[in-house]
Amino acid sequence: MESQLFSLYILPEHLWGEKTAQAAIDFTNDTMVGSGPFKLAEYRQNQFVRLDTNQDYYGSVPKVDGAILQTYGNQDALVQALKTGEVDMITEMPNTAVAALRNDANIQLVVGAPLDPGVTDIIFNLVPPDQCPPDGKCTGHPALKDLTVRKALAHATDKQQLIDIVLLGLGTPGLTLIPDGLGVYYNNTLQDYAFDIATANKLLDDAGYKDVNGDGVRETPDGKAPLSFRLNWAGDMSSGPRIAELLSKTWGEIGIKVEMQGLDPDTLTSVCCPAFDYDIIIWGWGSDPDPAFLLSVMTTDEIPTGTSESGYSNPEYDELFAQQAVETDKEKRKELIWEMQAIALRDLPYIIPYYGQNVQAFRKDRFQGWITDSSKIALEDPSSLSLIEPVK
Amino acid sequence: MRNRRLINKVAWALFTICFVIVLNFFLFRILPGDPARAGIRDPRLTAEAQQAIRVRFGLDKPVINCFASINPPKPADCFVNPLDTQFFIYVGNLFRGEFGISYHSNQPVAQVLAERTWNTLLLIGVAQFLAIILGVALGVIAAWKLGTPVDYSALIFSLVAWSLPTFWLGIILLFWGSTNLGLPIGGMVTPGMNYASIWAQVIDVGRHMFLPTLTYTIVFLGEYMLIMRSSLIDVLSEDYVLTAKAKGLNSYQILKAHALRNAMLPMVTIIALNLGFTVAGAVQIETVFSWPGLGGAIYEAVGQRDYPMLQGAFLLLAVSVIVANLVADLLYTYLDPRVQLE
Amino acid sequence: MRTKDVTAHVDEKMPPTAAKPVLSVCSLSVDYVAPPKPAAHAVQDVSFDLGRGEVLGLVGESGCGKSTLALALMRLLPPAGRIVNGSVRLQDIELLDLDEARMASLRWSQIAMVFQGAMNALNPVRAVGDQIAEAIRQHDRTIGKAATVRRVDELLELVGIAANRRTQYPFQYSGGMRQRAMIAMALACNPAVIVADEPTTALDVMIQAQILDLLSRLRRELGLAIILVTHDLGIVAEICDRVLVMYGGVTAEYAPVDLAFNAPRHPYTQALLHAFPDPDHPQAKLNSIPGAPPRLDALPPGCRFAPRCPQAMERCQQAAPALYALPDDQFASCFLVEDTAEDRRGSLDHG
Ligand SMILES: Nc1ncnc2c1ncn2[C@@H]1O[C@H](COP(=O)(O)OP(=O)(O)O)[C@@H](O)[C@H]1O
Ligand SMILES: [Mg+2]
């Protein structure tokens, strides 16, 4: 619950008054009572939100009279709107537009970790049939339960290529579910599995995964099952097919075959968890500012709830999770969380190909004073909006 | 005779609407997915919170006697009061004119639909009107000048317009119009315009409408032109056109008195069907121009398993298709005496 | 050769007028041009005269160019049809020289047409009376509404249709009624000439008889000149004064009807008569003509009928015979009549 309190806003006493903590969390604030630097002036669903400056704001009152947050149905229109000056700032754009905007003298690009950093993950089904949760099917390929195979897959994953091709370079290589955008909680001391096909092949050879029937696909040491995995992704993920394609190429070089299929998010949820009716899934998480939730995803407790996607279970990790939840010393908590990341990278329930970066842009000839040097990029955040002033 | 035909048609239309009402309910519940979770991919949503959402929207009740859920099929008590099942509550509310509250936006469905439908009708009404007028005119000219360069240019233009990907055409026009004409890039109104004079508001909406309307017109213009052209070519080769010519009528008289009305017959059906279906909006055009229409609302509602929105929207669509058909039918009766008197 | 007594009908017919013909067609030729296909010579060098009150029968198998000729007279050929030669004089006006607007004003008012298959010749979505009225008003801009309606009713009654069916649609008419309505429409502007293209094909015998009676009555009462296109020799015998037998686009024989039936000179005419059931000897064996008319875009070098002609000679394969003038206003294009010919193309030479 503590980790959920961050989303509570400061509201007048007559609203918070006698509410219990749970009631406060459930409170939906439909009447839009607030205490921020802006007031809601007009709202049209899917069109725009018009904000007026709150002249009675207790902090420093914004220098602008208000702000309009306009919604566009597609990203190309968004970029065009910035170019023509219909808007002064945009919060997202297709990566393909970055190069053109970079060359526009009137436009300043800002690249960095997003406010809610995203993680793209490659999930392995680790649940053995005998530990299947009540609603589960647990049809995962047995070879994926072998850490050696997962390590080989990690060595055969070219993260830089994925970033260059899928994100057009706008990303950083991933390690675990905790993205670099989480600042101090991100363990930047870990050593990733280097992209190295030879190492990957050697790992599999030594562990007895040989291609006994000569079809180019390795078999399990008992010779029974070929290393052929189902690879699914969420159909609403535009990057899904490209990631899958690139993975199938490099993984193919170590004698591992994948059957690729995009699934609509609902179907994917139903095969994922807690059904565990898959081999490998490409999906993603959005992150809170605090790592607690993403860390919980790998705990044993979450296997039956469907939050644990891999079914990873490690008492040592679970213990650390429990400790960090009650640790009040920030530095100590960080140590615990770093250790958990080390374990996650060692045990590889996930391969994290990359952490996406956010690209925003504003017009240099309209307003100045945007916050561009913070670790996270959010020009639309009130912190930025209350500082900007018209260019003279 | 004529009245009986009319009554028959209207009765059929009403029957179809009833059928759609029932179908609408079950169709969306056959889709996999849980409205209490869909659209909120937030795994932190506790079981209790989910249950609270279900209770709030009445999803805790059985779908209908014997079924707690359709997909996945879960059995339930068959002896509950039928009036206390989701289905009959839905039907009852409909009869009271209540479409329910959108799960997602928490607004009354009727209100959301009304606003979105108006936006869509404005765009599509104007665009269809232009497309019909221009398409028919172009088709007539082409058929008239059959085999001449005029015909070929009109034909090529229409084929291209017809086969252009809507999305692509929209983006191109959007870039062109916003750069060269200074037209707005998206949305329907400029925020804050509600303080301006009514005229300024009308002009503002007009400026926002221009590009989507143009795109939509071009997309449909081609189809209408091609159909009108081929229909008119067919009619012009009919014997009665030769009779008219033999009677001394000149080309223009023949067109006016004999060819146009007959050639419009197939058009009437197509236009009516198009009008019926396009009430759903053109999701693509709405997406390109960020137009807050019905199409986008439906698209989102599907993703969110927003049953009340979906039920309301699809009922609206069905009714509009049925009404459009009915109108086409009646218009046909007026245009073609063979139908009316048979 | 069988003979057919046609004298029974003679009293019904008008004597050929000594006065100037109403319609005079001379050396008319029509090609269908649709590149890259070779031109089809659908009508070649056809000439005839038509006097007031006269009925000319135009006979021949399907595809011989009868309809083409009929349409050419009104200049209603489809775009591919080209009049390549000849003249069509209607009451001393050369139709082929007129501009389109002048031609339009003469259509129906001077020369009207009853089309093959009246179902399609009437606009299905307009009332029959309306379509007749249209023809009237087109050529008489001054006529009032009430007068038009009266005239339409009068015309309908003339062809035996009750006036109260004026507002009905073609699909509410029977086949015979539609054909009669077409005739009423053709009469709307008191034309001098009516071209009737197979007006009775596809009608049953009773209706056929009614229509023919109607036509002969009209020519008697109104002095109409009629060109009757048909492949039914019975009809020709019944109401025609002269008959023009076409074969492969050319005139095979052109003769007064009694000569054509009693003393046909062209082997094709003879063959046609053989193939025609004789009401006096219904049991007699019918001899259909073996083979089919030539393709008009690939004509044989000699006589067009030679390939099917039982009396064909060596000569017929090489050269096409001219149209020979025979005694008693009879013409035939066959080498067999050459010796008896008075002249090539005799009195029909309009220059
Ligand atoms: N529009 C046309 N284009 C080309 N050829 C045509 C056309 N109409 C008719 N013909 C040809 O002209 C010839 C004569 O046709 P038609 O005058 O209809 O014969 P009939 O009326 O004697 O049966 C036929 O061989 C036919 O194929
Ligand atoms: Mg014919």
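Every chain is numbered from 1 and lettered A, B, ... according to where its sequence line falls, protein lines coming before strand lines. These numbers come from a predicted model, not from an experiment.
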Any Lys/Arg nitrogen of [X] or [Y] sitting under 4.0 Å from an Asp/Glu carboxylate oxygen of the other?
{"X": "B/Lys9", "Y": "B/Asp329", "result": "yes"}
{"X": "C/Asp197", "Y": "C/Lys66", "result": "no"}
{"X": "C/Glu54", "Y": "C/Arg219", "result": "no"}

Between B/Asn262, B/Leu265, B/Asn250, who has the most heavy-atom pairs with chain C when the cutoff is under 4.5 Å?
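Option with the top pair count is B/Asn262.
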Engaged part of [X] at the chain B interface, taking heavy atoms whose separation is under 4.5 Å:
{"X": "C/Glu100", "answer": "side chain"}
{"X": "C/Ala135", "answer": "both"}
{"X": "C/Leu71", "answer": "side chain"}
{"X": "C/Met185", "answer": "side chain"}

Apply side-chain hydrogen bond (donor to acceptor under 3.5 Å, both in side chains) to the pair C/Ser87 and C/Glu94, showing each step before the final yes or no.
CA-CA 7 Å; C/Ser87 105; C/Glu94 175 54 59; 3.2 Å; yes
Taking atom types as modelled, is there a side-chain donor on C/Gln138 or C/Arg141 under 3.5 Å from an acceptor on the other?
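C/Arg141 and C/Gln138 do have a side-chain donor-acceptor pair below 3.5 Å.
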